[in-house]
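Just the heavy atoms: all of them, side chains too, but no hydrogens, waters or symmetry mates, feed the values below. Quick caveat: nothing in here was measured; it's all calculated off a predicted structure. Chain identifiers are assigned alphabetically (A, B, ...) following the order of the sequence lines, protein sequences preceding nucleic acid strands; residue numbering begins at 1 within each chain.
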Amino acid sequence: MTAERDDDRIDYDFRRLEAKWLPVWDELQPFDTSDDADERPRKYVLDMFPYPSGDLHMGHAEQYALGDAVARFWRHRGFNVLHPIGWDSFGLPAENAAIKRGGDPATWTYENIAQQRESMRRYAASFDWSRVIHTSDPEYYKWNQWLFLEMYKKGLAYRKESLVNWDPVDQTVLANEQVLADGTSERSGALVVKKKLTQWFLRITDYADRLLEDLDKLEGRWPHKVLTMQRNWIGRSYGADVDFVIEGRDEPVTVYTTRPDTLFGATFMVVAPDSDLAAELVSTASAETQARFADYLAQVQKTSAIDRQNADREKTGFFLERYGVNPMNGERLPIWTSDYVLADYGHGAIMAVPAHDQRDLDFARAFDLPVRVVIDVTQAEEPPVDADGRPLAFDEVDPAATGEATAGDGVLINSGPLDGKPKAEAIAAAIELLGERGTGRAAKNYRLRDWLISRQRYWGTPIPVMYDEDGAEVLVPEADLPVRLPDGEGLDLKPKGSSPLGAATEWKTTTTPDGRPAVRDTDTMDTFVDSSWYFLRFLSPNDSTQAFDPAAAKRWAPVDQYIGGIEHAILHLLYARFITKVLHDLGHLEFDEPFDALMNQGMVVLDGAKMSKSKGNFVKLGDELDQYGVDAVRTTMLFASPPEEDVDWADVSVAGSGKFLARAWRVAQDVAAPVGVDFADGDVELRRAVARFFDEVPKLCEGFKLNVVVAKLMELTNVTRKAIDSGVGPADPAVREAAEAIAMVLDLFAPYTAEDMWQALGHEATVAHAVWPTPDAALLVEETVTAIVQINGKVRDRLEVPPSIADDELEALALEADGTKRAVGDKQIVKVITKAPKFVNIVVKG
RNA sequence: GCCGGUGUGGCGGAAUGGCAGACGCGGCGCACUCAAAAUGCGCUGUCCGCGAGGGCGUGCGGGUUCGAGUCCCGCCACCGGCACCA
């Protein structure tokens, strides 16, 4: 920029642009989607809605920059884009804040929402502000209650007593999905303990097969990682249920095994100490054993998940003085108890085959129980070998000697009718044999457990159930919904192991529909219930007669593009898939997967580590916005890397993005060709660059390569600058064409800058509505292309040739090229591969 | 242990089996300036060479191919998920 220009022009100033355009957009409401008659094709682009814990932070800035670029992209492609926003506003932080500072969770929540909403407005997120929802509004959570009643009536919501996860810090139960692999709560970080309680569950396990199998439909459209995580989480396994007659017990005990082929190798049985079965079996044992059992059970219940999951732990347990009978060979098997068997998986009891299961082997070796090999792994198709590749002999892989169970493939031995069969065949044969005898059958099992939704906290959806004087469950009639939360002010919200609602005596006391006295359920629902269907509420956010309008659902749903963090890979996404299938089965929806495509954006980190206020490596979004402006922050977020990768704020230059935006903006200021000029009269080279740009950019956007789109914008800005300063000059129509192209695409990243450029170029707001042109095919064909000439695969020369050149012409030119002559010398040409017009490879010898 | 992903300059990252390192950051140099900032221009993988030019180079080792960052096989490292789930 020259000195004169400084004198007579206003320079790029993001503060001025933000102040100038926000009120205009407020007035225009450019992203309103209320016109049902709009005939453009539709897209539903949804960003995972935020939890209102304080103001927006850098993570939000990344997520909403990405979601907004995607939404804006489809609008520029001529789509009617639904891009709504709301708040996931029930939950513990509000309640904990209220306890800490006094006051009401509602006040804290709605103040934060107001702040976040204002920040999103400033951030220029292209939301349809007419569809805002808050899950903590009675108008919203009424439909959680409706959903619960619907599910109850179908037997999908039920109450049972079981061992559940208890968070001693938040003083509430948690779903399995909310407990991390290390046994801590994903929310509070506390070590979760097991507690026996009666709680409400949703029968997600009924949907396990569909939740698993329908993941195949999402292949290629959801991140592979998320699909894998969900498959792991559901954890389906195939095997058999086998009935073992128990001496002194009428009913046989069923065990689940994935290896019915190894039944002849079973040498004992094990039951989970915390199962009802263990308590029953031990009741006939000696007084000494019973006492020992009581101690052991107490010990086990104290053991944290973190310890219990440690497979290296010493095996513990003891003999229950009972015997089962192997249905395959009639053998008597001692029954032991040990905490390596889990009460809530399979049937809480196993048959132990120490030779072929490492856990059983560890136990057998610890307590001197017999080990019987029934699979000869040395006869497998790929038998085990030592370090030098020599096949191992049978006695070298003997589990009893090596301590290593042989779980792999092999051929059955010591197994009567199964002898000689390979593993897979033997499994099928064993199941058939069991079937014939009526002592077993094929079965499958899941890691997935039913979804525990009761929470002993205040700030959530009341469960619409009451209990009469006999304690029987009575549903709140649909007409009486919502069951509103009592005012939180004045209620003691401190966690004390039972719901604060229990203290709301007046609220709690009610009557059944037929007039009998009753008390309400005082627990509230897991907030993941709220978020499992919120994407449907956006379609008819103010409908007071139904959860969502089926006609609107038909019009917009399912979500075409969902965008959010990987932290919800299992929790929210699994629940939303489940509830969608339930709503489908109840006849409310035509589709049964909620999110057609999913994109997980990466995190914003600092110096390679997750940002954390307590560790001091923290960047405040507000500071960045104040210093560099919204556009520069948004552009930086998306230019830094492909959106699914993490962005390290230490590696980026927000100032650099700002420099680029100023450069682009100045190009628009310098355009001298009048608005409406015929671009066909413009400089052909620059026009070709614009055509290529509009050819490439949509493909890049669809592939989420937004960082490359920013790079293309920078390239086009650079060549346009050159055309103005040292080329065809500012009055050339192609310069205008290029500047308009930059404005229209820059809108994805920097809406303020793009809007101001658009205006400077003589157009009316808003650039967000400008549909990108289809490039002229003639301009995409180059006049000349650079053909590369390789000798033995190494580039030795380049030739400018017409794109229509024939193979033999190009080959002739290549053989005469200087670089060819130099590199070939007196060597012999063996072969020439020519792919006109791009390249020639000459293979030489000698 | 099982499953999945990722490895490219000083850094972030580009690259339908066909010019590796686009674009940017950082660095160096230059112009403008009394000076600085801002702005603009140029150079910037590495080694050899004054240069022309050449050697090497996408985690490691093989393979397919006229040609491999890209495809195949085997490793290594890091990241993530699952894991006493029978």
Original post:
Quick one: Leu810(A) CG to G18(B) P, roughly how many Å, whole number?
Top reply: 17 Å
**OP:** Would you mind reading off the distance between Lys835(A) atom NZ and U16(B) atom P, rounded to a whole angstrom?
**Re:** 17 Å
Salt bridge between [X] and [Y], side-chain N to carboxylate O under 4.0 Å?
X: Asp339(A); Y: Lys315(A); value: no
X: Arg666(A); Y: Asp670(A); value: no
X: Glu62(A); Y: Arg634(A); value: no

**OP:** Please list, chain by chain and in numerical order, all residues satisfying side chain to side chain donor-acceptor pair (under 3.5 Å) with Arg236(A), sequence neighbours excluded.
**Re:** Asp209(A), Glu213(A), Tyr238(A)
Proximal nucleotide (of [options]) relative to the [X] side chain:
X: Val843(A); options: G13(B), C82(B), C66(B); value: C66(B)
X: Asn232(A); options: C56(B), C23(B), G81(B); value: G81(B)
X: His224(A); options: G4(B), G42(B), C82(B); value: G4(B)
X: Ala711(A); options: G42(B), A22(B), A86(B); value: A22(B)
X: Lys705(A); options: G40(B), G13(B), A15(B); value: A15(B)
X: Arg796(A); options: G18(B), C84(B), G54(B); value: G54(B)

Original post:
What does nucleotides 67-75 of chain B look like as a protein-contact string, B for base, S for sugar-phosphate only, - for none, at under 4.0 angstrom between heavy atoms?
Top reply: S--------
Original post:
In this structure, which one of Arg798(A), Glu800(A), Lys838(A) forms a side chain to side chain donor-acceptor pair (under 3.5 Å) with Thr786(A)?
Top reply: Glu800(A)
Original post:
Taking the six-membered ring for Trp, are His568(A) and His572(A) parallel (under 30°), tilted (30 to 60°) or perpendicular (over 60°)?
Top reply: perpendicular
**OP:** Establish whether the base of C23(B) is bridged to the side chain of Lys712(A) by a donor-acceptor pair shorter than 3.5 Å.
**Re:** no
Subject >> Distance-only donor-acceptor test, Lys225(A) side-chain atoms vs G4(B) base atoms, 3.5 Å >> reply: no
Rounded to whole angstrom, note down the [atom1] distance from [N] over to [M].
N: U6(B); M: U70(B); atom1: C1'; value: 15 Å
N: C56(B); M: C60(B); atom1: P; value: 15 Å
N: G69(B); M: G7(B); atom1: P; value: 14 Å
N: U58(B); M: G53(B); atom1: P; value: 24 Å

Original post:
Given that His347(A) and Ile570(A) both sit by RNA chain B, which one's nearest nucleotide is further toward the 5' end?
Top reply: Ile570(A)
Original post:
Using Watson-Crick pairs (N1 to N3, plus N6-O4 or O6-N4) and G-U wobble pairs, both distances under 3.5 Å, which stems of at least 3 pairs involve RNA chain B?
Top reply: B:1-7 with B:76-82, B:10-12 with B:23-25, B:26-31 with B:39-44, B:45-48 with B:53-56, B:59-63 with B:71-75
Original post:
Should G49(B) be called syn or anti, with syn set as within 90° of 0?
Top reply: anti
